[in-house]
Amino acid sequence: MSRHCYDNLTSSQLQAVRHKEGPLLVIAGPGSGKTRVITYRIAALIDSGVNPRNICAITFTNKAAEEMRQRTFSLVPNSGTHISTFHSLCVRILRRYHEQAGIRANFSIYSESEQTTCIKNAIKECELETGNFPPARTREAISTLKNKLIDSESYKEQAEDFFTKALAKIYSRYQHLLQVNNSLDFDDLLMKTALLLEKDSDIRKELSNRFRFLLIDEYQDTNHAQYCIAKNLVCEHNNICVTGDPDQSIYRWRGADIRNILAFEKDWPDAVVIKLEENFRSTPNILSLADRLIAVNQNRKPKTLIPTKKNGSDVSIICFDDHNVESQGIAEKIIELSKSGISLRNIAVFYRINSASRPLEEAFIKNKIPYQIVRGVEFYNRKEIRDILAYLKILVNPQDEVACLRIINTPARGIGKSSTERILAYAARKKISFFEALKKSADVSELSNSSKIKIKVFVEMLESFTAAANGPVAPLVERVFVDSGLEASLKKGGDNDAIENINELINSAAVYDGQSQEPSLLDYLQQIALFSDADSYDTAQDKVALMTLHAAKGLEFDNIFIIGLEDGLLPHERSSDNDDELEEERRLFFVGITRARQFLQISYAKYRIFRGQLMRTVPSQFLYEIGVDFGKLQKSETAEDDYCDDIEEPYRIEAQFTSNQLVRHKKFGLGRVKQFLEMGDNSTITIRFDDGRIKTLMLKYANLEVIDT
DNA sequence: CATAGCCGCCTTTTT
DNA sequence: GGCGGCTATG
């Protein structure tokens with residue numbers, strides 16, 4: 001059948017790779033080669049005579065897409081195969097069918113901060129207080145609605161109380177603002193595409209026939225909109241192949257719906273299901289730890305990881321004095337590993353929140369350890385980058401008022417707040433865009449003559465850029481940087497970092513120009529809007545990788561450190577009031593553990609800076625769950641002898657519980673015992689609380705007070 | 001109109 | 001502890 005060598009695949013993998021037509025679900029644990037299955041399957045399809053153009057593969061990140069492109073290409077010539085994230089695919093679809101989608105092709109894509117700006121304006125225009133509707137929260141709420149494909153109209157209809165009615169108003173105002181700005185946010189990309197495919201059967205059929213085979217990796221993290229897009233894309237043939245692992249679902253907060261993968265067999269009843277449970281990545285030590293942890297989750301289908309490797313060294317679990325000692329300890333261990341011949345590129349440190357990278361960075365600098373942060377301070381979020389991008393956006397999409405307002409007086413050119421407001425008012429009166437109003441500033445009687453002249457110069461500058469806006473992007477970015485006065489202003493302020501960053505942007509634009517068949521500013525802007533810093537992680541460099549547990553998804557390393565196993569951090573405090581969220585935190589830790597091939601060190605610190613203050617910490621409950629014996633806990637070398645003496649053991653209750661017994665919980669209040677499961681140290685208790693909530697808690701953490709009756 | 005400095009607010013994870 | 005927005009001052 002094949003020119004390729006599939007000898008290195010197991011029989012189950014091979015079965016998935018060779019699957020011909022119809023729906024296929026690959027349920028696969030970590031390290032079982034599920035991404036490999038997709039890669040080989042693309043090659044196998046092409047080998048069997050399928051036109052590469054008729055295959056579409058969806059990955060979770062741009063980085064993963066890039067890797068898959070390279071890997072498939074090394075197996076088989078596959079030009080024309082579409083490999084990208086859902087978002088990139090949607091941009092292509094929306095650009096091509098923009099008329100049917102009711103938008104223009106040159107739309108801007110709003111990042112989170114631009115969304116928030118827009119939300120703020122919407123709240124103001126609705127005459128509501130940002131105090132009652134925090135913009136960030138409101139943005140989240142609207143994002144959730146969009147991920148569920150609930151548009152502002154239908155939300156309005158179902159709104160009942162004051163809060164939801166107000167939210168509906170903000171939502172619809174926000175959509176209006178986006179439309180006026182000819183802009184889409186991240187969620188719109190998915191929602192507009194999903195709705196377009198739903199309502200337009202011609203486009204649906206056309207695309208379904210274009211993509212005869214659809215393959216989706218990390219299916220457990222798709223949201224409803226993505227599910228809808230996938231379903232419609234395969235309407236003509238049902239050749240859908242998805243891979244995923246419910247235990248690695250870590251994006252529920254972003255709308256990911258684990259039910260998509262759990263219900264796959266209901267959605268496609270003739271689906272072939274292949275399970276891959278062998279693990280080729282980690283040592284048995286690491287896997288048994290991961291197994292023990294994930295088994296605590298109630299809401300899951302049991303599954304074990306079958307190791308194929310021989311045992312290696314034990315997993316270390318270390319208690320450090322504070323975050324600085326922890327960082328120093330890790331730096332020293334890395335130096336030790338390095339001396340034993342391990343390259344730094346095979347080492348990674350994972351943490352729960354981005355800000356946890358700081359003490360690590362300090363220690364690494366001090367110890368001269370080269371490192372790279374995978375998505376730290378986001379490159380595209382820097383002020384100077386956003387400024388220059390705003391100039392570029394205007395050239396492509398003059399309707400983009402957010403971009404225009406950003407740069408009209410950046411750098412300062414004497415067009416201040418009052419002038420801007422007069423023009424805004426004029427634009428509103430005449431029902432024209434802000435940029436149109438700028439062009440007609442001569443007619444705005446409220447403006448002083450000097451303002452009119454300054455505005456005219458500004459408009460003429462932008463128009464001269466527009467005239468040069470065709471062809472390669474890099475020269476244009478450079479020209480805008482110089483002619484806009486941004487360069488001069490940064491030089492004057494001595495901000496060399498900012499100038500460096502812009503040069504980096506120009507370099508990346510040059511790379512884009514080189515790779516693109518037909519470079520255009522529009523295409524470039526729409527691409528980089530979907531780019532995250534995780535994508536710029538350079539595996540070729542011999543540096544230690546620092547990243548959040550979320551960013552670690554899909555990666556693997558020989559040597560891994562996971563830090564900050566403390567209550568409130570992992571699991572994060574914002575997840576503590578909800579069992580589902582706690583289970584997601586557990587999956588997040590599970591993902592982290594299962595990235596490690598050989599060496600794994602898990603640590604926590606007794607003290608850590610929290611909101612600017614040094615706080616005493618409590619060890620994470622996850623440590624107990626993986627069976628850490630705190631009496632025999634490994635101590636850090638810098639520690640005093642009595643170092644871990646005052647570890648706070650979890651609260652213990654000797655008493656047995658009987659059904660219907662009355663108990664009190666610190667947080668949830670009074671409740672009655674529904675069920676008590678005696679499992680020694682792992683005993684759980686299910687309680688129906690007075691407010692109706694039913695919770696299952698680990699007894700040793702529940703801290704229950706027994707009420708005598 | 002520009003700038004500096006202060007106050008108050010938020011603070012998980014990311015396409 | 002960091003950032004955005006507001007205010008007072010030049």
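Below, read A as the first sequence line, B as the second, and so on, with proteins coming before strands; counting in each chain starts at 1.
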Tell me the interatomic distance from E112(A), atom CD, to dG4(C), atom P, rounded to whole angstroms. 13 Å
Tell me which of G414(A) and E581(A) sits closer to the 5' end of DNA chain B, going by the nucleotide each one is nearest to. G414(A)
Is W253(A) stacked on the base of dT13(B), with ring centres under 5.5 Å apart and planes under 30° apart? yes
I142(A) CD1 to dT15(B) C1': how many Å, rounded? 18 Å
Let me know the distance between NE2 of H550(A) and C1' of dT13(B), rounded to the nearest Å. 4 Å
Using the side-chain heavy atoms of A412(A), tell me which of these nucleotides is nearest: dT15(B), dT3(B), dT13(B). dT3(B)
Could you tell me how far apart R252(A) (CZ) and dT15(B) (C1') are, to the nearest whole angstrom? 18 Å
Atom pair distance, as rounded to whole Å: CD in E140(A) and C1' in dT15(B): 15 Å
Applying the side-chain contact (heavy atoms from CB on, under 4.5 Å) criterion to F60(A), which one of Y251(A), Y219(A), F86(A) satisfies it? Y251(A)
Close side-chain approach of T59(A) and E218(A), heavy atoms under 4.5 Å: no
D387(A)/R406(A) ion pair, N-O < 4.0 Å: yes
Can a side chain N or O of N354(A) be found less than 4.0 Å away from OP1 or OP2 on dT13(B)? yes
Rounded to the Å, how far apart are K124(A) NZ and dG5(C) C1'? 10 Å
Identify which nucleotide among dC1(B), dT14(B), dA2(B) has an atom closest to any side-chain atom of N409(A), counting heavy atoms from C-beta outward. dA2(B)
Scan F86(A) against the nucleic acid and name what it touches under 4.0 Å (heavy atoms): base, sugar-phosphate only, or nothing. nothing
Using heavy-atom distances to pick each residue's nearest nucleotide on DNA chain B, tell me which of K454(A) and S575(A) is more 5'. K454(A)
Take atom CE of M615(A) and atom P of dT11(B), then tell me their distance rounded to the nearest Å. 17 Å
Taking the six-membered ring for Trp and the single ring otherwise, decide whether the centroids of H550(A) and W253(A) are under 6.0 Å apart. yes
Below 4.0 angstrom, N of the basic side chain to O of the carboxylate: do R95(A) and D523(A) qualify? yes
Can a side chain N or O of S418(A) be found less than 4.0 Å away from OP1 or OP2 on dC1(B)? yes
Considering every strand and a 4.0 Å limit on heavy-atom distances, what is the contact class for S419(A): base, sugar-phosphate, or nothing? sugar-phosphate
Side chain of T548(A) - closest among dC1(B), dT11(B), dT14(B): dT14(B)
Given atom CD of Q248(A) and atom P of dT14(B), what is their separation to the nearest angstrom? 17 Å
Closer to the 5' end of DNA chain C via nearest nucleotide, is it K120(A) or R358(A)? R358(A)
